[in-house]
Amino acid sequence: MKICAFTGHRNLFGYGFDRCLLDRVNEHLIKNGVDTFLCGMAVGFDTECAQSVLALKEKYDVKIVACLPCANQSDTFSQKNKFIYNSIIEKCDEVITLAPVYRRGCMHERDRYMVENSDVLVCFLRKNFGGTFYTVGYAKKLGKKIIEL
């Protein structure tokens, strides 16, 4: 187990998200061989995961890879979320962009890319629909290890 991907909801409020638990899970993964983290860079869970890994990079030799569905992913983000997004991108070890501009299906392509190129998926899933539900289902179909927070 060397590569971990993340998937989760954009809105975390009211769903019991625990950043300390995320930090502990990520550190446990590192101590058990994960050295690369793939992050889809959406607002919410993705950016929380990226910030968690960036904090752990101060202590461990790990890489974080931003997996962007399209080059203009952050165009509709609020100013605050664009600032967070850009500050994370600057610190990533690599940025993979799957499409030059947004087009229908590019988010699912990014999600499939991350699942296919990882050994374990850490997820924050509270709804039985949407992108996170799709991504977790795809990971199950491929027999990936899944850690649900």
- So do the side chains of C70 and C106 get within less than 4.5 Å of each other, counting heavy atoms only? yes
- Message: Checking I84 against F77 for the side chain to side chain contact (heavy atoms under 4.5 Å, CB included) test, could you report, in this order, the C-alpha distance in whole Å, the side-chain angles of both residues, the deciding distance, and whether it holds?
- Response: CA-CA 10 Å; I84 293 167; F77 291 4; over 6 Å; no
- Would you please test V25 and I147 for side chain to side chain contact (heavy atoms under 4.5 Å, CB included) and show each step? CA-CA 9 Å; V25 166; I147 299 172; 4.2 Å; yes
- Message: Count I, L, V, M, F, W, Y as connected when their side-chain heavy atoms are under 4.5 Å apart, and connections chain through other members. Are I89 and F83 then in the same cluster?
- Response: no
- Gap separating the CG atom of L142 from the OG atom of S118, nearest 0.5 angstrom: 9.0 Å
- Item | Exceeds 12 heavy-atom contacts within 6.0 angstrom, atom NZ of K63 | no
- Query: Looking at F17, is R19 sitting on its ring face, NZ or CZ under 6.0 Å from the six-membered ring centre and within 45 degrees of the normal?
  - Reply: no
- Message: Could you check whether any side-chain heavy atom of T7 comes within less than 4.5 Å of a side-chain heavy atom of F45, counting everything from C-beta outward?
- Response: no
- Query: Can you name the nearest heavy-atom pair linking C123 to E148, along with the distance?
  - Reply: SG-CG, 3.3 Å
- Message: Could you report the tightest heavy-atom contact between G44 and L12, atom names first, then the distance?
- Response: C-CD1, 3.9 Å
- Least distance between heavy atoms, Y102 atom then N72 atom: N-OD1, 2.9 Å
- Query: Linking I/L/V/M/F/W/Y whenever any side-chain heavy atoms sit under 4.5 Å apart, do Y134 and Y113 land together?
  - Reply: no
- Do the rings of Y15 and H9 sit parallel, tilted or perpendicular, given the 30° and 60° boundaries? tilted
- Sole candidate of E116, K144, H108 that passes side-chain hydrogen bond (donor to acceptor under 3.5 Å, both in side chains) when paired with Y138: E116
- Taking all non-hydrogen atoms of both residues, which atom of M41 and which atom of D46 are closest, and how far apart? N-OD2, 3.2 Å
- From CD1 (I3) to CG (L29), nearest 0.5 Å: 12.5 Å
- Say you draw a straight line from OG1 of T47 to OH of Y85; how long is it, rounded to the nearest 0.5 Å? 11.0 Å
- Is there a side-chain contact between L68 and L98, using heavy atoms and a 4.5 Å cut-off? no
- With a 4.5 Å heavy-atom cut-off, do S52 and N26 have their side chains touching? yes
- How far apart are the C-alpha atoms of E109 and R103, what are their side-chain angles, what is the distance that settles it, and do they pass the salt bridge (Lys or Arg N to Asp or Glu O under 4.0 Å) test? CA-CA 10 Å; E109 288 175 27; R103 61 176 160 63; 2.8 Å; yes
- Does a side-chain heavy-atom distance below 4.5 Å link V65 with F37? no
- Message: I want to check something: taking the side chain as every heavy atom from C-beta on, are C49 and L22 in contact at a cut-off of under 4.5 Å?
- Response: yes
- Message: Using the rule side chain to side chain contact (heavy atoms under 4.5 Å, CB included), only one of V53, V95, L56 pairs with I64; which is it?
- Response: V53
- Task: Please lay out, stage by stage, how V122 and L149 fare under the test side chain to side chain contact (heavy atoms under 4.5 Å, CB included).
- Result: CA-CA 7 Å; V122 172; L149 301 184; 4.0 Å; yes
- Query: Would you say D75 has more than 12 foreign heavy atoms packed within less than 6.0 Å of its CG?
  - Reply: yes
- Query: Does the side chain of F6 reach to within under 4.5 Å of the side chain of L121, using non-hydrogen atoms?
  - Reply: no
- Around K91, counting heavy atoms of other residues, nucleotides and ligands shown, do more than 12 lie under 6.0 Å from its NZ? no
- Under the salt bridge (Lys or Arg N to Asp or Glu O under 4.0 Å) rule, what do E27 and K59 come out as? Steps first, then yes or no, please. CA-CA 10 Å; E27 188 163 25; K59 190 174 173 183; 3.1 Å; yes
- Message: Would you say that T132 contacts F124 through its side chain, given a criterion of any heavy-atom pair below 4.5 Å between the two side chains?
- Response: no
- To the nearest 0.5 Å, atom SG of C67 lies from atom CG of D111 at 10.0 Å
- Item | Audit row: K57, D93, salt bridge (Lys or Arg N to Asp or Glu O under 4.0 Å) steps and yes/no | CA-CA 11 Å; K57 277 179 68 75; D93 297 286; 2.9 Å; yes
- Task: Nearest 0.5 Å please: distance from the CG atom of L21 over to the NE2 atom of H28.
- Result: 11.5 Å
- Message: As a quick check of understanding, evaluate side chain to side chain contact (heavy atoms under 4.5 Å, CB included) for V62 and T36, giving each step before the final call.
- Response: CA-CA 6 Å; V62 295; T36 304; over 6 Å; no
- Message: Taking G40's backbone N and O only, do any of them form a donor-acceptor pair with R110's side chain (distance below 3.5 Å, no angle check)?
- Response: yes
- Item | Verdict with supporting geometry, D35 and K2, salt bridge (Lys or Arg N to Asp or Glu O under 4.0 Å) | CA-CA 6 Å; D35 61 9; K2 304 269 285 174; 3.1 Å; yes
- Note on the structure: Rounding to 0.5 Å, atoms CG (N11) and CZ (R126) come to a distance of 12.5 Å
